[in-house]
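Report on one structure; see the data block that follows.
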Amino acid sequence: MSTGCLFCNIVARTIPAQIVLENDHVLAFKDVRPMAPTHVLVIPKKHITGIHDATPEHAAMLGELLLAARDVAETLGLAPSGYRLVMNQGPDGGQSVFHLHCHVMGGRPMAWPPG
Ligand code: 5GP
Ligand code: ZN
């Protein structure tokens, strides 16, 4: 737990969020500023700043994160039309919250390349 961290506070329930999935390792909740009809963030419960701070010790957690993203997409009906998973890292990646998260976005076609 990193007390000044927004997403750690969502895990601790000191900041509210619309939670869509939870297990021992990860939490998934709706993005407060959705960029697609469905926009959910999947985060590890244990604080890690971003994907670039991951080490082999985080391998199981990273697997849990991706499987949870897949399960969110399935539960929210995104599978037939498809969806996008995004992890932003650092300034050029457009990261704004420094607790690792995977965006699950769907419900409209996604452009490529991204902006
Ligand atoms: P990033 O830009 O770091 O990849 O993504 C951070 C995401 O967190 C953004 O899409 C932003 O809308 C979302 N976000 C920021 N503050 C909050 C909040 O207080 N609650 C929720 N649910 N999402 C947030
Ligand atoms: Zn955190």
Side-chain angles (χ1 to χ4, degrees):
M1 169 90 180
S2 180
T3 47
C5 170
L6 174 63
F7 287 176
C8 282
N9 279 295
I10 288 178
V11 172
R13 305 298 206 273
T14 52
I15 290 175
Q18 285 185 270
I19 292 165
V20 298
L21 175 151
E22 179 172 22
N23 65 32
D24 288 348
H25 310 283
V26 302
L27 186 71
F29 53 90
K30 291 186 181 176
D31 196 296
V32 81
R33 238 181 112 229
M35 295 294 163
T38 298
H39 188 171
V40 170
L41 303 172
V42 185
I43 70 171
K45 287 187 166 177
K46 279 193 189 161
H47 183 87
I48 173 173
T49 303
I51 189 62
H52 206 70
D53 285 332
T55 67
E57 285 178 15
H58 295 108
M61 176 278 283
L62 291 170
E64 293 284 348
L65 195 76
L66 285 176
L67 287 170
R70 178 260 173 226
D71 289 349
V72 165
E74 173 66 21
T75 302
L76 299 182
L78 300 180
S81 51
Y83 54 92
R84 182 166 293 174
L85 305 182
V86 174
M87 279 186 194
N88 296 324
Q89 168 65 44
D92 279 2
Q95 187 176 8
S96 62
V97 175
F98 293 91
H99 178 129
L100 178 65
H101 51 281
C102 178
H103 297 257
V104 182
M105 305 171 80
R108 66 168 172 83
M110 300 288 157
W112 193 264

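Both counts, for ligands and for their atoms, begin at 1 and track the order of listing.
The atom name of the N/O/S atom in H99 closest to the Zn ion (ligand 2) is ND1.
For atom 2 (O) of ligand 1, the closest non-hydrogen atom of the protein is S96 OG, 2.7 Å. Looking only at protein heavy atoms, the nearest one to atom 22 (N) of ligand 1 is K30 O, 2.9 Å. From the protein, the heavy atom lying nearest to atom 1 (P) of ligand 1 is H101 NE2, 3.1 Å. Summary of contacts: the protein heavy atom closest to atom 10 (O) of ligand 1 is D31 OD2, 2.4 Å. If you check which protein heavy atom lies closest to atom 24 (C) of ligand 1, you get V32 CG1, 3.5 Å.
L66 is not listed as a side-chain neighbour of E64, based on a closest heavy-atom distance of 4.5 Å or more.
Put simply, L100 and L21 are part of the same group of oily side chains (I, L, V, M, F, W, Y) that touch within less than 4.5 Å, one to the next. Cluster annotation: V11 is not connected to I48 through the hydrophobic network of ILVMFWY side chains, with a link wherever side-chain heavy atoms come within less than 4.5 Å. Following chains of ILVMFWY side-chain contacts shorter than 4.5 Å, one can reach Y83 starting from V72, so the two form part of one hydrophobic cluster.
When each atom of ligand 1 is checked for a heavy atom of F7 under 4.0 Å away, the hits are 8 (O). Against a heavy-atom cut-off of under 4.0 Å, Q95 is close to the following atoms of ligand 1: 3 (O). Below 4.0 Å from some heavy atom of R33 lie the following atoms of ligand 1, by number and element: 12 (O).
At a heavy-atom distance under 4.0 Å, only side-chain atoms of L6, from C-beta outward, approach ligand 1.
For the pair E57 and K46, the salt-bridge criterion is not met [side-chain N within less than 4.0 Å of a carboxylate O].
Within the structure, ligand 1 lacks F98 among the residues with a heavy atom less than 4.0 angstrom away. At least one heavy atom of G94 sits under 4.0 Å from some atom of ligand 1.
A distance of 7.5 Å separates CE in M105 from CG in D31, rounded to the nearest 0.5 Å. Rounded to the nearest 0.5 angstrom, F7 CZ and L27 CG are separated by 10.0 Å.
Geometry at the Zn ion (ligand 2): SG/C8 and ND1/H47 form an angle of 110°, nearest 10 degrees.
Checked by distance only, ligand 1 and L41 stay at 3.5 Å or farther apart across all their nitrogen or oxygen atoms. Some N or O of H103 is nearer than 3.5 Å to an N or O of ligand 1, by distance alone. Considering both main-chain and side-chain atoms, F29 never comes within under 3.5 Å of ligand 1 through any nitrogen or oxygen pair.
Under the 6.0 Å cut-off for aromatic ring centres, H101 and H99 do not qualify, their centroids lying 6.0 Å or more apart.
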